[in-house]
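To start, the structure under review is shown below, and the notes come after it.
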Amino acid sequence: MAALVFTHDPVLFVIAAVLWQGCQMAVLVQMLAAAAVIDPTGRLVASLGGAGALGSGIGPLAVGAVLDAAGANVLSIVLALGTFVASLPLLKMTVASAMQPGGRQTQNVPAA
């Protein structure tokens with residue numbers, strides 16, 4: 001991400017942007033797969049898709065407003081706290097899923 005912000009070379013910018021988008025898509029697929037395992041009804045997967053679309057639409061506006069009003073230092077704190085708060089429900093669901101009696105649990109299988 002830093003290469004996207006600080007580079008003045010068009011080729012490096014394009015390479016960094018493609019890598020960033022590829023990594024973002026990979027993480028999105030993993031999040032949706034984890035949500036499907038945690039909630040077999042599909043409601044969580046549907047809400048994650050909507051939340052992602054909403055964040056893509058409103059996120060740049062909110063980030064720009066905070067950046068203009070308070071600066072980059074405050075923006076970094078806001079983003080770190082926002083990421084932490086947003087991760088809590090997913091962490092809670094993951095722990096709850098592991099604690100269920102019929103839940104999926106990984107077992108250590110000795111190598112052959």
Fill in: Transitive ILVMFWY side-chain link Val27 to Leu44, under 4.5 Å
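Yes: a chain of side-chain contacts under 4.5 Å links Val27 to Leu44.
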Item to complete: Answer with yes or no whether the hydrophobic clustering places Met25 together with Met31; edges join I, L, V, M, F, W, Y residues whose side-chain heavy atoms lie under 4.5 Å apart.
Response: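 Result: yes, single cluster for both.
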Where do [X] and [Y] come nearest, in terms of heavy atoms and distance?
| X | Y | answer |
| --- | --- | --- |
| Ala35 | Leu48 | CB-CD1, 3.5 Å |
| Val63 | Leu79 | CG2-CD2, 4.4 Å |
| Pro60 | Gly57 | CD-O, 4.0 Å |

Practice prompt. Show which residues join Val11 in its hydrophobic cluster (side-chain heavy-atom contacts under 4.5 Å, direct or indirect), or state none.
Written response: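 Direct or chained contacts put Val11 with Ile15, Leu19.
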Worksheet item: Under the side chain to side chain donor-acceptor pair (under 3.5 Å) test, which residues partner Thr41, sequence neighbours left out?
Response: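 Listed in chain order: Asp39, Arg43.
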Worksheet item: In Å, rounded to the nearest 0.5 Å, how long is the span from CG of Leu81 to OG of Ser76?
Response: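 Atom-to-atom, Leu81:CG and Ser76:OG are 9.5 Å apart.
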